[in-house]
Every structure is written in structure tokens, then in C-alpha cells.
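The next block holds one structure in the form of C-alpha cells; read it before the comments.
Below, all heavy atoms of this structure are taken into account, side chains as well, without hydrogens, waters or symmetry copies.
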Amino acid sequence: MIFEAAVDLSITDNTAFTVLVALKQLGYESLQRVERSDLYRLTLVADEPAADITRALMRAEVVFNPNKHRMSFADGSPAGGRGTGGEWEAVVADRDDDTTRLRRLLAERFGVPGLDRIERSTAWRLYDS
């Protein structure tokens, strides 16, 4: 089973603002705003209720802080590419990202049942006029 979660900031994202400023300075004047999400793709050995996995992730402060984050989730794969109305999305992942410790922490301490593998990436959404 594949479970995907996106964690977004509910407060001002200074990193996304810095990217917006840098891209405008590089010549992308029509860019209006930049948003980002941390994506987690969990591979589980058995089908588990999405609500149980979500509750476990929301208890894991290394992934989610209820004071500054909101979470969305899906069973399956995300759609990529161009969005609608001048929105572009790019998903960026580090090929050398070792998630062994995070997988062990989520499985053993936060009770994500049957967690076999976890992949992390960042989704960048660019909005132009």
C-alpha cells in the first residue's frame, strides 16, 4: 500500500518568499507567489486505514507541528506537471536521502503500522499572472 501525505505551513513561509524574490531577480517578473509542501510517500506492507496512519503522523513532531502545519493525504500517486490557471508544480527529491532513521522512528515510536519504506520530497508551486 502507498500512502502519501503533504505537510504545508499554515504560517508565513520565509523560504518560499526567498525563492520568489530570487526568481524575480533572475527575470521571472510575472511570478506572483511561490508555495511549497513537504511530501512523504510511505510504502506499507499491508493495507492500513488512512485515518490510523494520519493520526500517527500527526503525533510525530519530526514531521508535523499542529501550531504551524496542516496535512493532507491520499492513497495513491500525485499528479504532477502544470496545474490550472498559471500554476506550475515541480517535485524535487534528493536521491541520496537516507530515511532509515525516520522510518524506524515513525514505525517504532509513533506507531505507523507496517511501514516498510519512506521517501521525502518537496513540491514547489509557482503562480504567475
Side-chain angles (χ1 to χ4, degrees):
M1 172 185 172
I2 301 294
F3 178 88
E4 295 178 334
V7 177
D8 301 302
L9 282 170
S10 58
I11 60 174
T12 302
D13 187 347
N14 291 328
T15 300
F17 179 75
T18 301
V19 169
L20 172 65
V21 171
L23 288 172
K24 283 188 169 199
Q25 290 174 347
L26 289 171
Y28 297 94
E29 294 88 13
S30 66
L31 202 55
Q32 296 299 310
R33 75 180 195 275
V34 173
E35 296 176 355
R36 70 180 169 130
S37 300
D38 293 324
L39 303 178
Y40 298 90
R41 182 181 177 116
L42 286 65
T43 303
L44 301 129
V45 294
D47 286 344
E48 299 291 338
D52 292 349
I53 300 167
T54 303
R55 277 193 292 278
L57 288 177
M58 291 179 85
R59 287 191 309 269
E61 66 273 359
V62 295
V63 172
F64 181 81
N65 178 339
N67 295 316
K68 63 180 186 175
H69 292 128
R70 62 183 172 266
M71 181 183 294
S72 56
F73 63 90
D75 297 326
S77 299
R82 185 180 166 101
T84 59
E87 172 190 342
W88 290 81
E89 181 176 87
V91 176
V92 180
D94 182 353
R95 287 184 181 179
D96 299 327
D97 188 17
D98 182 7
T99 59
T100 306
R101 291 176 60 201
L102 178 59
R103 185 196 56 77
R104 188 173 32 240
L105 183 67
L106 291 175
E108 295 172 7
R109 180 159 183 223
F110 295 105
V112 177
L115 182 57
D116 181 51
R117 183 174 162 200
I118 184 167
E119 300 168 59
R120 289 183 288 204
S121 56
T122 302
W124 291 95
R125 288 176 302 285
L126 309 175
Y127 299 87
D128 63 10
S129 55

For the residue pair I11 and N67, what are the closest heavy atoms and their distance? CG2-O, 4.4 Å

Heavy-atom closest pair (D98 atom, R120 atom, distance to 0.1 Å) is O-NH2, 3.9 Å

Could you pull out every donor-acceptor pair under 3.5 Å between side chains of residues 18-28 and any protein atom, sequence neighbours left out?
unit_1: T18; atom_1: OG1; unit_2: N14; atom_2: O; d: 2.9
unit_1: K24; atom_1: NZ; unit_2: L31; atom_2: O; d: 3.3

Main-chain N/O of I2 paired with T43 side-chain donor or acceptor, under 3.5 Å: no

What distance separates H69 NE2 from E61 CD, expressed to the nearest 0.5 Å? 12.0 Å

Quick one: CG on L42 to CD on E48, what's the gap to the nearest 0.5 Å? 11.5 Å

Please give the remaining members of the hydrophobic cluster of V45, linking ILVMFWY side chains under 4.5 Å, ordered by chain and number. none

Compare all side-chain heavy atoms of V62 with those of R109 and state whether any distance is below 4.5 angstrom. no

For D52, give me all partners under salt bridge (Lys or Arg N to Asp or Glu O under 4.0 Å), at least two apart in sequence or on another chain. R55

Which residues share a side-chain contact (heavy atoms from CB on, under 4.5 Å) with A93, sequence neighbours left out: S121

Are M71 and L9 grouped together when hydrophobic residues (ILVMFWY) are joined by side-chain heavy atoms under 4.5 angstrom apart? no

Checking A56 now: which residues fulfil side-chain contact (heavy atoms from CB on, under 4.5 Å) with it, not counting sequence neighbours? R59, V112

When you group the ILVMFWY residues by side-chain heavy-atom contacts below 4.5 Å and let the links chain together, are L44 and V63 in the same group? yes

Within the 4.5 Å heavy-atom criterion, are L57 and F3 side-chain neighbours or not? yes

If the condition is side-chain contact (heavy atoms from CB on, under 4.5 Å), which residues does Q32 pass it with, not counting sequence neighbours? S129

Rounded at 0.5 Å granularity, tell me how far CG in L39 sits from CZ in F73. 15.0 Å

Partners meeting side chain to side chain donor-acceptor pair (under 3.5 Å) with S30 (sequence neighbours left out): none

Tell me, please, which residues at least two apart from D94 pass side-chain contact (heavy atoms from CB on, under 4.5 Å). D96, D97

Rounded to the nearest 0.5 Å, what separates atom OH in Y127 from atom CD in E89? 8.0 Å

Could you pull out all residues at least two apart from E108 that satisfy salt bridge (Lys or Arg N to Asp or Glu O under 4.0 Å)? none

Which heavy atom of W124 sits nearest a heavy atom of A16, and at what distance? CZ3-CA, 4.2 Å

Check the surroundings of atom CZ in R117: do more than 12 heavy atoms from other residues, nucleotides or ligands lie under 6.0 Å from it? no

Contacts of type side chain to side chain donor-acceptor pair (under 3.5 Å), residue R33, not counting sequence neighbours: E35

How would you list, by chain and number, every residue that makes a side chain to side chain donor-acceptor pair (under 3.5 Å) with D116, sequence neighbours excluded? none

With sequence neighbours left out, write down each residue that passes side chain to side chain donor-acceptor pair (under 3.5 Å) with D13, or none if nothing qualifies. R36

Output the distance between atom OH (Y40) and atom OG1 (T99), rounded to the nearest 0.5 Å. 11.0 Å

